[in-house]
Every structure is written in structure tokens, then in C-alpha cells.
Amino acid sequence: MAEAPERNLAMDIVRITEAAALASARWLGRGDKNAGDGAAVDAMRNSFSSLNIDGTVVIGEGEKDNAPMLANGERVGTGAGPKLDVAVDPVEGTNLLAYGRPNAISVIGVAPKGSMFNPGPSFYMRKLVVPHEARNVIDIDAPVKVNLANIAKALGKDVQDLVVFVLDKPRHKELIDAIRTAGARIQLQTDGDVAGALMATDPRSEVDVMMGTGGTPEGVISACAIKGMGGEILARLDPQSYVEKEAIQEASIDIRETLSTSTLVKSDDCFFAATGISGGDFLHGVHYRAHHAVTHSMVIRSKTGTLRYVESYHNMSKLSKISAVRY
């Protein structure tokens with residue numbers, strides 16, 4: 001049965017990621033990642049206060065490295081409106097922002113209450129992310145060579161034409177060697193695996209697949225976007241310390257379970273927004289002009305599968321007079 005158009009919450013939360021990006025971009029390249037992150041957190045918290053939702057933060061990025069954060073369990077919104085799980089990362093890639101490197105972004109995902117996977121004490125998970133065309137041909141337990149061959153076939157490419165996003169970390173030495181042996185190309189980034197997951201599923205991007213271990217909170221946030229773009233993420237918790245592994249086991253979380261887009265976010269009606277902070281080919285960063293700041297964002301609603309790219313011009317003199325956010 002046909003439905004009348006409903007309110008797209010992604011168009012509301014993009015105003016919040018824009019605010020966080022504008023506030024944190026002032027710290028680009030200044031070497032203080034907590035100051036930039038803190039500015040974004042304050043901007044998000046202030047901006048959420050006027051949004052008519054009854055939201056609970058399920059993913060409040062920052063806990064694992066003692067950074068500024070919206071705390072897990074924190075209530076956001078006016079308290080009126082839909083009850084929602086909220087996943088936030090005010091600055092995904094704080095080091096990228098601090099050192100003026102590309103692809104720092106501000107991100108939010110929201111979904112009906114109770115539908116988001118709660119990672120508990122898990123900080124890291126192994127991930128495999130692909131676009132829509134390859135969503136049914138991947139296996140997290142398959143050898144790298146096999147997965148890449150299947151992905152290439154699904155995309156109508158040769159393996160040597162694939163671009164694989166991998167975080168440039170010591171833990172990925174064997175993975176990088178295996179990708180090179182298979183003949184695929186690699187895009188190495190120091191940080192930012194939400195951006196990597198988005199690139200792997202964004203039809204504009206040259207990245208075809210993301211592989212490797214990154215943040216568990218980032219995996220849940222990414223799933224909100226991946227679901228809307230029709231891609232797939234397969235993941236498995238991958239603790240990087242004995243303390244983390246023990247905490248996961250004590251929380252009775254099955255470390256062997258293969259998680260997917262649908263288990264990370266159970267609802268088919270979730271929303272996602274991301275705004276570029278430090279720039280890059282994926283999302284342009286905040287650009288300051290004489291009287292305006294320009295931001296570039298992407299907004300996604302999973303129910304309709306609509307992906308929008310939004311370019312906004314912000315009159316900074318007017319904003320500074322009326323907004324509680326410090327730009």
C-alpha cells in the first residue's frame with residue numbers, strides 16, 4: 001500500500017552534524033584533538049536540545065580513549081516525539097582534524113529505540129564492508145583472496161581494479177600483505193573507519209571495499225548508513241587487549257558471533273547524517289569565506305534508500321548573534 005511521505009529525521013540531524021563541523025573546524029591542524037572534539041561535542045549537545053525527539057545515546061564515541069563525549073545513556077532531544085537510539089561521533093578522526101589531514105567528519109545515526117546493537121565494553125571489531133552489488137557474495141571467514149575475487153566478479157571488475165580501504169595500523173600487516181598478494185590496490189588511511197565504510201558503499205567513491213579491524217561504536221554508526229545505501233557490513237568483535245576480552249566475556253557477549261547490517265541495526269527505518277570537517281575527496285571540509293562558511297554533507301534514510309548530498313552556506317555573522325553554539 002502506498003504511503004504518504006513522512007518526516008525525514010535525517011534532514012534534522014544534518015543540522016546537528018553541520019553545527020559540530022563548524023565548531024570543530026576552527027581547530028584544524030592546531031594539534032589539539034581534545035579541543036576540536038570538545039567543541040564538536042558541545043555543539044552537538046546544544047543542537048540536540050531543540051530537536052523534538054526522545055533520544056538515548058547508545059553509542060557515545062570517546063569512551064575508549066577518554067576523549068570528550070556524549071555519554072552512553074545520555075538523553076538528548078526535547079523528550080517529545082519518537083523514542084530513538086542515538087549513535088554519535090562528533091569528530092570521527094580526531095587525529096585527522098588535529099593534524100590537518102583529510103576525511104575527518106561529524107556523524108550521527110538514529111533508529112527506533114531498542115534497535116541498535118549495544119557494544120557494551122567492546123571497543124574493536126573486524127569488519128568487511130561492500131556496496132550493494134556485492135552484498136551477497138562475502139564471507140568474513142573466507143580468505144582475503146576469495147572475498148576479493150567474489151567482490152570483483154559482483155562489481156564487474158578485475159581484482160587488480162579494486163580499491164580496498166584499510167587503516168594503516170600494525171595489526172593489519174598480514175591483511176595488507178594478503179591484499180597485495182591478491183593483486184588489489186589499497187588506500188591506506190591512518191584513522192577514520194566510518195569514512196572508510198561510507199566510501200565503500202558511496203556510489204561516487206573509488207573505494208570498493210573496506211577491510212580490517214576498527215572501532216565497534218563506529219561499526220554501529222556505519223551500519224545506519226550502509227543499510228540506507230543497500231550495502232553490507234559483516235563484523236566480529238576483535239578485542240585488542242586481554243582486559244577488553246575479559247570485559248566482553250563478563251558481559252555475556254558472544255565474541256564468535258558474525259554481526260551484519262541487520263543485527264547491528266535491526267530497524268529498516270533508520271537515519272544517518274555526516275558532514276565533512278577537514279576535507280578530502282569523500283566529503284569536502286568546512287570552507288570559510290568572507291561572510292559565509294560552506295559545509296558539505298550526506299544524509300540517508302534507509303526506509304526509502306534516499307541518499308542526498310547537501311551543500312550549505314552559513315551566514316556566520318547572523319549565526320553568532322542568535323546561536324548558543326560557539327562557532
Step-by-step side chain to side chain contact (heavy atoms under 4.5 Å, CB included) determination, V76 to V57: CA-CA 7 Å; V76 293; V57 176; 4.0 Å; yes

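- Counted within 6.0 Å of CZ on R185, heavy atoms from surrounding residues, nucleotides or ligands total more than 12; the atom is thus considered enclosed.
- The side-chain heavy atoms of R204 and Y309, taken from C-beta on, include a pair separated by under 4.5 Å.
- No side-chain donor-acceptor contact under 3.5 Å links S302 to the backbone of G228.
- S50 is linked by a side chain to side chain contact (heavy atoms under 4.5 Å, CB included) to nothing, counting only residues two or more places apart in sequence or in another chain.
- E74 places a side-chain N or O within 3.5 Å of a backbone atom of A71 that can act as its donor or acceptor partner.
- No donor-acceptor pair under 3.5 Å is formed between the side chain of D158 and the backbone N or O of Q160.
- Side-chain contact check for V88 versus V107: every heavy-atom pair is 4.5 Å or farther apart.
- Looking at E232 and T261, their side chains do bring a donor and an acceptor atom within 3.5 Å of each other.
- Residues that satisfy the salt bridge (charged side-chain N to carboxylate O under 4.0 Å, His left out) test with D191, not counting sequence neighbours, are K169.
- When hydrophobic clusters are built by joining Ile, Leu, Val, Met, Phe, Trp and Tyr residues whose side-chain heavy atoms come closer than 4.5 Å, directly or via intermediates, M199 is not grouped with L148.
- By the 4.5 Å heavy-atom criterion applied to side chains, V86 and F48 are counted as neighbours.
- For D208, the salt bridge (charged side-chain N to carboxylate O under 4.0 Å, His left out) partners at least two apart in sequence or on another chain are K157.
- Rounded to the nearest 0.5 angstrom, T17 OG1 and F272 CZ are separated by 8.5 Å.
- Atom CZ of F165 is separated from atom CD of E206 by 11.5 Å, given to the nearest 0.5 angstrom.
- In this structure, L28 and G100 approach most closely via the heavy-atom pair CD1-CA, 3.6 Å.
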Let me see the working for T213 and D238 under side chain to side chain donor-acceptor pair (under 3.5 Å), right down to the final yes or no. CA-CA 7 Å; T213 294; D238 188 16; 2.6 Å; yes

Before you tell me yes or no, could you show the steps for V209 and L128 under side chain to side chain contact (heavy atoms under 4.5 Å, CB included), namely the whole-Å CA-CA distance, both residues' side-chain angles and the distance that decides it to 0.1 Å? CA-CA 7 Å; V209 54; L128 175 57; 3.7 Å; yes

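- Evaluation of the salt bridge (charged side-chain N to carboxylate O under 4.0 Å, His left out) rule for R101 yields no partner, not counting sequence neighbours.
- Closest approach of P203 and L307 over heavy atoms only: CD-CD2, 4.0 Å.
- For the pair A104 and L97, the tightest heavy-atom approach, listed with the atom from each and the gap, is CB-N, 4.0 Å.
- In this structure, the side chain of E244 engages the main chain of Y124 through a donor-acceptor pair within 3.5 Å.
- With hydrogens and angles ignored, the 3.5 Å screen pairs a side-chain donor or acceptor of T201 with a backbone N or O of A197.
- Here L283 contributes atom CG and S278 contributes atom OG; the two are 10.0 Å apart, rounded to the nearest 0.5 Å.
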Taking it one step at a time, do T275 and H296 satisfy side chain to side chain donor-acceptor pair (under 3.5 Å)? CA-CA 6 Å; T275 300; H296 294 86; over 6 Å; no

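- Between the CG atom of L234 and the CZ atom of R135 there is a distance of 12.5 Å, given to the nearest 0.5 Å.
- Between the side chain of D32 and the backbone N or O of A35 there is at least one donor-acceptor pair closer than 3.5 Å.
- D85 places a side-chain heavy atom less than 4.5 Å from the side chain of S115.
- The two residues Y99 and G31 have their closest heavy-atom pair at CE2-CA, 4.4 Å.
- One finds the OG atom of S24 at 11.5 Å from the CD1 atom of I105 (value rounded to the nearest 0.5 Å).
- Residue H292 places its NE2 atom among more than 12 non-hydrogen atoms of other residues, nucleotides or ligands, all under 6.0 Å distant.
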Decide side chain to side chain donor-acceptor pair (under 3.5 Å) for R236 and T258; before the verdict, give the C-alpha distance in whole Å, the side-chain angles of both, and the deciding distance to 0.1 Å. CA-CA 5 Å; R236 184 172 294 143; T258 299; 2.6 Å; yes

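- R126 CZ to I140 CD1: the interatomic distance, rounded to the nearest 0.5 Å, is 4.5 Å.
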Evaluate side chain to side chain contact (heavy atoms under 4.5 Å, CB included) for V207 paired with Q187, printing each intermediate quantity in order. CA-CA 8 Å; V207 172; Q187 185 178 123; 3.7 Å; yes

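- Contact detail for N95 and K33: the closest heavy-atom pair is OD1-CD, 3.5 Å.
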Dump the intermediate steps for side chain to side chain contact (heavy atoms under 4.5 Å, CB included) on H172 and L167, then the final yes or no. CA-CA 8 Å; H172 288 149; L167 290 176; 4.0 Å; yes

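- Following chains of ILVMFWY side-chain contacts shorter than 4.5 Å, one can reach L264 starting from I248, so the two form part of one hydrophobic cluster.
- Between the side chain of S49 and the backbone N or O of N46 there is at least one donor-acceptor pair closer than 3.5 Å.
- Ion pair D254/R256 flagged as a salt bridge, since at least one NZ, NE, NH1 or NH2 atom sits closer than 4.0 Å to an Asp/Glu carboxylate oxygen.
- The side-chain heavy atoms of I186 and V163, taken from C-beta on, include no pair separated by under 4.5 Å.
- Side-chain heavy atoms closer than 4.5 Å link hydrophobic residues (I, L, V, M, F, W, Y) into clusters, and following such links, possibly through other members, connects V58 to L259.
- Counting only heavy atoms from C-beta outward, the side chains of D193 and E92 approach each other to under 4.5 Å.
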May I have the list of side-chain donor-acceptor pairs in residues 219-227 shorter than 3.5 Å, sequence neighbours left out?
{"unit_1": "S222", "atom_1": "OG", "unit_2": "E218", "atom_2": "O", "d": "2.7"}
{"unit_1": "K227", "atom_1": "NZ", "unit_2": "V265", "atom_2": "O", "d": "2.4"}
{"unit_1": "K227", "atom_1": "NZ", "unit_2": "S267", "atom_2": "O", "d": "3.0"}

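- No side-chain heavy atom of T78 sits under 4.5 Å from any side-chain heavy atom of L51.
- Applying the salt bridge (charged side-chain N to carboxylate O under 4.0 Å, His left out) criterion to D168, with sequence neighbours excluded, gives no partner residue.
- Within the 3.5 Å criterion, the main-chain N or O of T216 finds no donor-acceptor partner in the side chain of K127.
- The same ILVMFWY cluster, assembled from side-chain heavy atoms under 4.5 Å apart, contains both L70 and L84.
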Salt bridge (Lys or Arg N to Asp or Glu O under 4.0 Å) assessment of D54 paired with K113: CA-CA 9 Å; D54 183 1; K113 187 174 180 61; over 6 Å; no

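- Clustering ILVMFWY residues whenever any of their side-chain heavy atoms sit less than 4.5 angstrom apart, transitively, puts V14 in a cluster other than the one holding V286.
- With a 4.5 Å cut-off on side-chain heavy atoms, L188 and I176 count as touching.
- Between I151 and A134, the shortest heavy-atom contact is CG2-CB, 4.2 Å.
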